[in-house]
Amino acid sequence: MSASAAIEVRDVSKRFRIWREKPTSLKQRLLAGRSRAEDFWALRDVTFDVPSGSSFGLIGHNGSGKTTLLKVIAGILRPTTGSVRQRGRLAALLELGAGFHPELTGRENVYLNASFLGMSRRETDRVYDDIVGFAELEGFMETAVKFYSSGMLVRLGFAVAVHVDPDVLLVDEVLAVGDEAFQARCIERVQRFQREGRTIVLVTHALDQVRQLCDLAVMLDHGRVRAAGAPDDVVRDMRMAILRQDLAFAHEEGSKEVEIDSAALLVGDDPLGGPLAPGDVLTIQVDLRANEPVDDPVVSFALHDAANRFVVGGDTASSGVPLGRLEGKRRVRFHVGPLPFVAGRYWVTIGVHSRDNRHAYHVQDQRYAFSVESAEGGREQVFVPVRAEVSDP
Ligand SMILES: Nc1ncnc2c1ncn2[C@@H]1O[C@H](COP(=O)(O)OP(=O)(O)O)[C@@H](O)[C@H]1O
Ligand SMILES: [Mg+2]
């Protein structure tokens with residue numbers, strides 16, 4: 001293994017076997033015969049190095065294989081083919097509560113976890129108070145973690161991971177959980193690790209975080225490396241890919257478990273009266289109605305110009321505003337701009353789909369339109385900042 005690499009991933013593929021057991025009634029089951037196994041490749045020929053001391057961002061759509069890859073690096077999953085080599089003590093913060101035993105107390109879990117990571121009891125004694133303090137769980141350490149909220153679990157997991165003196169830290173999407181103060185402390189800790197020359201692999205939906213924190217990035221797309229290199233470039237490719245996915249389902253009608261009740265284009269809080277001027281912020285307001293409870297739907301939008309060229313898009317998941325379990329009504333607003341668009345007419349596509357983007361609940365393809373009056377500098381394609389918010393209508 002090369003001296004400069006903390007992690008070497010070589011031609012890694014990972015196959016899952018999925019058992020199809022759809023038929024429910026006895027008759028169906030008899031007709032269907034034995035349940036079938038299907039192969040699914042969550043990772044395909046993945047190769048890259050994580051240089052020692054670097055901060056490495058791993059991005060990609062939901063289901064692209066990020067968590068699977070982290071588990072392979074952490075040695076929790078064995079690759080079907082290929083190999084991973086890694087040097088130094090590795091601490092991984094993978095998913096909510098992973099590595100915690102629900103029946104054990106917070107204190108017992110800290111000692112258990114630390115021992116898995118190669119810490120002796122005495123070493124753990126020394127950092128125990130810091131762990132509790134960082135997690136802000138004073139008063140809860142004698143409680144079984146099954147009574148913890150998700151925020152408490154994340155805080156404890158992160159606190160343990162950063163206090164076991166790891167050479168390599170893997171972090172899967174947890175920086176998006178917890179309150180802002182805790183997130184800020186996590187980021188501060190990641191930055192301290194960077195200064196100390198430790199290696200960090202960060203999976204996140206917050207693309208700007210990747211640009212700010214990472215030296216290198218890789219984008220996975222359906223289990224394959226789609227882009228690798230400087231974070232700015234990889235993030236740009238990711239944003240392009242998000243847009244293309246929007247287009248991929250643009251012609252579907254959707255199954256309507258969640259419907260777009262209504263949508264409106266606003267400036268500030270006012271309906272759009274006339275053309276927009278360059279520099280305006282366009283608000284796309286989407287009122288949703290769930291006809292049945294749906295977990296984690298994602299709302300996305302795309303703007304196309306009059307020549308049907310994609311201009312900008314975004315979605316609630318990549319904007320970091322998950323909808324959670326949707327029951328009844330919900331309002332989503334995308335604030336798009338300031339708009340550096342060229343003058344002309346633009347079309348808005350709005351969609352609601354499943355988190356993995358495979359299932360469209362409702363898509364309104366280029367149903368809404370607006371105009372821009374005039375603009376300086378007619379750039380061909382621009383990226384516009386997008387902020388999303390969710391509230392009751
Ligand atoms: N244990 C498993 N068995 C079958 N399929 C799995 C398993 N774990 C993950 N997958 C599938 O592999 C794909 C990649 O999943 P994952 O690595 O969790 O993606 P990401 O973290 O990028 O969202 C998904 O389609 C997921 O459904
Ligand atoms: Mg994941």
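Atoms within a ligand are numbered from 1 in the order they appear, just like the ligands themselves. On a predicted model such as this, the values are computed, not experimentally measured, just so you know.
Among all protein heavy atoms, the one lying closest to atom 14 (C) of ligand 1 is Gly63 O, 3.4 Å. Among protein heavy atoms, atom 12 (O) of ligand 1 sits closest to Phe40 CE2, 3.3 Å. In terms of protein heavy atoms, atom 9 (C) of ligand 1 is closest to Phe16 CE1, 3.4 Å. Residue, atom and distance of the protein heavy atom nearest to atom 18 (O) of ligand 1 are Thr67 CB, 3.7 Å. Taking atom 17 (O) of ligand 1 as the reference point, the nearest protein heavy-atom neighbour is Thr68 OG1, 2.5 Å.
Under the 4.0 angstrom criterion, atom 3 (N) of ligand 1 counts as having a protein heavy-atom contact.
A heavy-atom separation below 4.0 Å is found between Gly65 and ligand 1.
A donor and an acceptor atom, one from each side chain of Asp215 and Ser54, are nowhere located under 3.5 Å apart.
Salt bridge present: Arg10 and Asp49 bring a charged side-chain N and a carboxylate O closer than 4.0 Å. Looking at Arg89 and Asp167, no side-chain N of the basic residue comes within less than 4.0 Å of a carboxylate O on the acidic one, giving no salt bridge.
At a cut-off of 2.8 Å, Thr67 coordinates the Mg ion (ligand 2) through an N, O or S atom.
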Between Phe100 and Tyr148, is a ring pair (Phe, Tyr, Trp, His ring centres under 6.0 Å) present by the stated rule, with each step listed?
CA-CA 11 Å; Phe100 286 135; Tyr148 282 19; 7.8 Å; no
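Between the Arg330 side chain and the Val390 main chain, no donor and acceptor come within less than 3.5 Å of each other.
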Return a table of donor-acceptor pairs under 3.5 angstrom between the side chains of residues 264-286 and protein atoms on other chains or two or more places apart.
residue	atom	partner	partner atom	Å
Asp269	OD1	Arg333	NH1	3.1
Asp269	OD1	Arg333	NH2	3.2
Asp280	OD2	Ala277	N	2.8
Thr283	OG1	His335	ND1	3.0
Gln285	OE1	Arg333	NE	2.8
Gln285	OE1	Arg333	NH2	2.8

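Residue Arg17 has no N or O atom closer than 3.5 Å to an N or O atom of ligand 1.
Here Phe134 contributes atom CZ and His163 contributes atom NE2; the two are 6.5 Å apart, rounded to the nearest 0.5 Å.
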